[in-house]
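Data first, discussion second: the structure below is written as structure tokens.
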Amino acid sequence: MADLSAAELLTQNYPKEAKVAIAARWQGQLYDLAAQLSATATPEPVLPGDREALDILRHSTAHIMAQAVQELFPGAKIAIGPAIEDGFYYDFEYERPFTPEDLPAIEEKMQEIIKAGITFNRKELEREEAQACFAAEPYKQELISELEGPISLYSQGRFVDLCRGPHLPDTSRVGAFKLLSVAGAYWRGDENKASLSRIYGTAFFDRKELKEHLRLLEEAKRRDHRKLGRDLELFLFHEDVGAGRVVWLPRGMLLRYLIEEFERKEHMRRGYYMVQGPQILKRELWEKSGHYEHYRQNMYFTEVDEQAYGIKPMNCLSHMLVYKSKVRSYRDLPMRMFELGTVHRHERSGVLHGLTRVRSFTQDDAHILCTPEQVADEILGVMNFVTDVMDVFGFDYTLELSTRPEKSIGTDHDWELATEALLNALRKSGRAYEINEGDGAFYGPKIDVKIKDALKREWQCATIQCDFTLPERFDLHYTAADGTLKRPVMLHRVILGSIERFIGVLTEHYAGAFPLWLAPEQVRILTVTNRADAWAEEIKSALVAAELRAEVDLRNEKLGAKVRDAQMLKIPYMIILGDKEVDEKLVTPRLRNGENLPAMGLNQFISRLTEEARLRK
RNA sequence: GCCAACUUAGCUCAGUCGGUAGAGCAGCUGAUUCGUAAUCAGCAGGUCGUCGGUUCGAUUCCGACAGUUGGCUCCA
């Protein structure tokens, strides 16, 4: 049994860099230790915001919150309370769920605890002693029963928690924190287990960092595509349509059309055939493919004339039939088939979220059938495709390899081959990647591409899946050079993923201010008085003739009001027309950032915009 | 699907401790022709998400359903 002081803590158990950072944070009282460490270790990594130090701070804040909750709500049982990406949470079981109204009181109690500067003490106990210690805490009991050896506990005052540590020296070290929200959660993330009440919060070493974090949260709210979708008149959801299904408004549909046209052209350039299948296919076909067995709970079904049909949740089946429509030779491979295919998946109601998680969506889907030897090159080709497209939209991305899940079809041998093929392509790409064990599709492993938006949030868009199974089930083959019949390999892949999700992410990425080539309305012509109406109409005609998207605002409104309306729609260019411009036949463009360009001739303006749209920046 | 909260005019929101509601913006009409983020005035707009229950009476209380939001789980 040992009390571990802050000083000892710094010499134990976690990375040197973190210790140095923590020592620096606490240098007021731990100056000598920090100096000592700096003498033996490298002093460089003393950085504000060091990840480990921040995690320790947040985890300690979670303990403080748990103490506050137990003091305010006697009988509340504690479950777990880790630090997470942006803060921390703690799960509780209580006679009622906590509500946002509870948070101020908890915060106040936490402030008291922080002010009191209570020391965090570490103790190590044998399992039986620890069990006795948590007689009133069933969740802790369960955790202890699974632990080996001496069990470490941390206490601050009368509050004791099972914990690996480390922690701050004392509670006063919490510089700034805020409780953010309450939510439901399950014990151990299992929906069959107890339902707990979770409180989320965040903490930082100083107030400035907290303020900046809260500002980022506000910024995310301002950029929320659900709000922008309404404000910019892009799309709507309607309860009479049903949850998770989008109705596209004119401006949003135009944006979508522009992205889809871009995609069609890019696929044509890269040797894809455009194909298309129907929305519903006989149930037997889904049984043959394995979808009925493995994906049925997510599918919609219908029956007409005693024939059962499945509404497609994926596009692959028609593509298989395209392949089978004639005898294929090795000379035909690789065969790449592309479809902007709308699929319908019965996602559980609770997961729906704006455009990023819907029940009907369109994939920029393609299936590549190739020889086993071609697989690696095809995967690399797709990865290059992804890079090119993401560059156009200004997204950075990360790669993940997902391996065989528990529920899957196909032989071990095929899974190994497919996984190896993807791994090879990843290695060849030279990019860093992570591995998600057991996260693959039921028919094959996959490479997932996650893009980061402007607020550094990650979204899965592109995915490349390697499939040996469907060609088998559909008995696909090609005639090899030696005249024998061979089985092709199939790659499933999307680049943007779901057009809906991509537009949602793109909207937040640009905060609704789409680059010129994607802006539904590129130019709005504003008149100061109705003496400029004729010139305005003439300009609009010329712009439209040059395939630019322009509108006029001839309303009997003050210029300020017209500017404001155009500004709120984030239209890239405004043209302001008063008597001066009419007399000299000029246009004076105003950018949406408020900057005014010098007056120029109409043709010059058209060239400028045409070039800007062509560059897609 | 589960836990929790929410749903009042096209939008953003007040309000009714049970006696059928109000503002701003948007819309329409009129006046105003005014140079870079909101001109003024008037008018119109709601069976208070839907369906049941309790009640003399429900937008308000209760229940179911639908939808939305934050999480959990799942996923493009």
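Below, chains carry the letters A, B, ... as their sequence lines are ordered, and counting in each starts from 1. In what follows, every heavy atom counts, from backbone to side chain, and hydrogens, waters and symmetry copies are set aside.
Put simply, A:R345 has no side-chain N or O that comes within less than 4.0 Å of OP1 or OP2 on B:C75. A sub-4.0 Å separation between OP1 or OP2 of B:A76 and a side-chain N or O of A:R493 is absent. Considering only side-chain N and O atoms, A:R555 lies nowhere under 4.0 angstrom from the phosphate OP1 or OP2 of B:A26. In this model, the phosphate group of B:G10 is not approached by any side-chain N or O of A:R230 to a distance below 4.0 Å at OP1 or OP2.
Among the heavy atoms of the strands lying under 4.0 Å from A:E581 is at least one base atom, whether or not backbone atoms are also near.
Cation-pi geometry between A:R590 and A:Y573 is not satisfied (NZ or CZ under 6.0 Å from the ring centre, within 45° of the ring normal).
Secondary structure note: stems in RNA chain B built from 3 or more consecutive Watson-Crick or G-U wobble pairs under 3.5 Å occupy B:1-7 with B:66-72, B:10-13 with B:22-25, B:27-31 with B:39-43, B:49-53 with B:61-65.
Remark: the separation of the C1' atoms in B:G49 and B:C6 is 11 Å, to the nearest Å.
Side-chain atoms of A:Q522 and A:E551 form no donor-acceptor pair, as typed in the model, at a separation below 3.5 Å. Between the side chains of A:Q279 and A:H344, a donor-acceptor pair is found at a separation under 3.5 Å.
Here the rule is ring pair (Phe, Tyr, Trp, His ring centres under 6.0 Å) with A:F92, and of A:Y139, A:F73, A:F98 only A:F98 fits it.
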What protein N or O atoms touch nucleotides 39-50 of chain B N or O atoms at under 3.5 angstrom, if any, and at what distances?
{"from": "B:U39", "atom 1": "OP1", "to": "A:E557", "atom 2": "OE1", "distance (Å)": "3.3"}

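Between the A:S408 side chain and the A:R404 main chain, no donor and acceptor come within less than 3.5 Å of each other.
One finds no salt bridge joining A:R493 and A:E378 here, because no Lys/Arg side-chain nitrogen approaches an Asp/Glu carboxylate oxygen to under 4.0 Å.
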